[in-house]
Amino acid sequence: MAVKISPSVLSANFANLKADVKRFEKVGTDMLHLDVMDGIFVPNISFGMPVISAIKKHTNVTLDVHLMIDRPHRYIEDFAKAADYLGFHFEAGSPVEETLKKIRELGCKSCLTIKPCTAPEEIFHLLPLCDMVLVMSVEPGFGGQKFMPEALGKLEALKKEILRQGLDVLLEIDGGINAETAPLAVEAGADVLVAGSYLFTDDMEERMAYLKSL
Ligand code: DX5
Ligand code: ZN
């Protein structure tokens, strides 16, 4: 299966989001990655539901929402109105099984996300409730950070377990993806690459083509 690319809108020009969304459509993106930060679960604040619903009005591209908020179950119903994949953090203080089930009930694909401090084994029993698992390869909160190679072993372990359980779960990686780290992530089992700062350059078209070729 060809690798899918989910550019992080966090690196876009917030004063002209529509133009950046159209730019991504033009270079053939598979998804758009939307980072929601609350200043509590992570030390940064980004954007919330009004921005995501505004984006949704202008695109049919799959919306991949990454909630980095405290006790995300409180907001699942709101975000489910716009998200295709709705992801939240295992560490964020929500009842995890219940929240994953709720996301599916609301008609979205569920995505469980783990920070660098979480071992993959901790979520093995939850894989049947996931449509996607997001492995963070940086501490969540900011774009433009350096890739943590420990994430590769986590992808491998999760891939092996997904196959062992006979499941259909996508593996996504987020943080520090660039020309050097992307092939390593794909080799380790990533199905979806999130890329922010690497893609938002004048070379977006070439870089997207390169990532898609992996
Ligand atoms: C970080 C976010 C990422 C971020 C990735 O907490 O979850 O999606 O935008 O940015 P890069 O690709 O620049 O590391
Ligand atoms: Zn993200």
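We count ligands from 1, going down the list as the structure has it; atoms in each ligand are counted the same way. This is a predicted model, so every value here is computed, not measured.
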Notebook entry, point to check: What part of Tyr198, side chain, backbone, both or neither, has a heavy atom within less than 4.0 angstrom of ligand 1?
Noted result: neither
Notebook entry, point to check: Would you say Gly196 has any N or O atom under 3.5 Å from an N or O of ligand 1, going by distance alone?
Noted result: yes
Margin query: Under a 4.0 angstrom heavy-atom cut-off, which atoms of ligand 1 come close to Phe142?
Written below: 1 (C), 6 (O)
Next item on the list: Please confirm whether Ser11 comes within less than 3.5 Å of ligand 1 when only nitrogen or oxygen atoms on both sides are compared.
Entry: no
Note to self: Taking the basic N atoms (NZ, or NE/NH1/NH2) and the acidic carboxylate oxygens, is any pair closer than 4.0 Å for Lys4 and Glu172?
What the structure shows: no
Note to self: So if I count the atoms of ligand 1 from 1 in the order they appear, which ones are less than 4.0 Å from some heavy atom of Ser8?
What the structure shows: 4 (C), 8 (O), 9 (O)
Item checked: Taking atom 6 (O) of ligand 1 as the reference point, the nearest protein heavy atom with its distance -> Gly141 N, 2.7 Å
Item checked: Asp35 atom (N/O/S) at minimal separation from the Zn ion (ligand 2) -> OD1
Item checked: Carboxylate-amine/guanidinium proximity below 4.0 Å for Lys102 and Glu105 -> no
Check: Under 6.0 Å between the ring centres of Phe24 and Phe200?
Finding: yes
Check: Quick one: does Val133's side chain get under 4.5 Å of Ile123's, heavy atoms only?
Finding: yes
Next item on the list: Could you tell me whether Ala195 approaches ligand 1 through its side chain, its backbone, both or neither, with non-hydrogen atoms closer than 4.0 Å?
Entry: backbone
Notebook entry, point to check: Which atom, counting only N, O or S, brings Asp174 closest to the Zn ion (ligand 2)?
Noted result: OD2
Item checked: Closest approach to the Zn ion (ligand 2) by His66, given as the N, O or S atom name -> ND1
Note to self: Taking 4.0 angstrom as the limit and counting only heavy atoms of His66, give me the atoms of ligand 1 inside it, by number and element.
What the structure shows: 7 (O)
Check: Counting from 1, what ligand 1 atoms have a heavy atom of Gly175 closer than 4.0 Å?
Finding: 14 (O)
Checklist line | Side chains of Ser6 and Asp64, donor plus acceptor under 3.5 Å | finding: yes
Item checked: Pair Asp35-Ser8, side-chain donor/acceptor within less than 3.5 Å -> yes
Margin query: Check for me whether the distance between the ring centres of Phe79 and Phe88 falls short of 6.0 Å.
Written below: no
Note to self: Checking the N or O distance criterion of under 3.5 Å, is ligand 1 in contact with Glu139?
What the structure shows: no
Check: Just which atoms of ligand 1 are under 4.0 Å from any heavy atom in Gly144?
Finding: 10 (O), 11 (P), 13 (O), 14 (O)
Next item on the list: Report, in ascending order of atom number, the atoms of ligand 1 lying under 4.0 Å from any heavy atom of Leu10.
Entry: 9 (O)
Item checked: Leu152-Ile162 co-clustered via ILVMFWY side chain contacts under 4.5 Å -> yes
Check: Between Arg164 and Glu161, is there a salt bridge with N-O shorter than 4.0 Å?
Finding: yes
Next item on the list: Provide the number and element of each atom of ligand 1 under 4.0 Å from a heavy atom of Asp174.
Entry: 2 (C), 3 (C), 4 (C), 5 (C), 7 (O), 8 (O)
Notebook entry, point to check: In terms of atom number and element, which parts of ligand 1 are under 4.0 angstrom from non-hydrogen atoms of Met136?
Noted result: 7 (O)
Item checked: Criterion salt bridge (Lys or Arg N to Asp or Glu O under 4.0 Å) on Lys26 and Glu205, from CA distance to verdict -> CA-CA 9 Å; Lys26 217 170 142 207; Glu205 195 166 352; over 6 Å; no
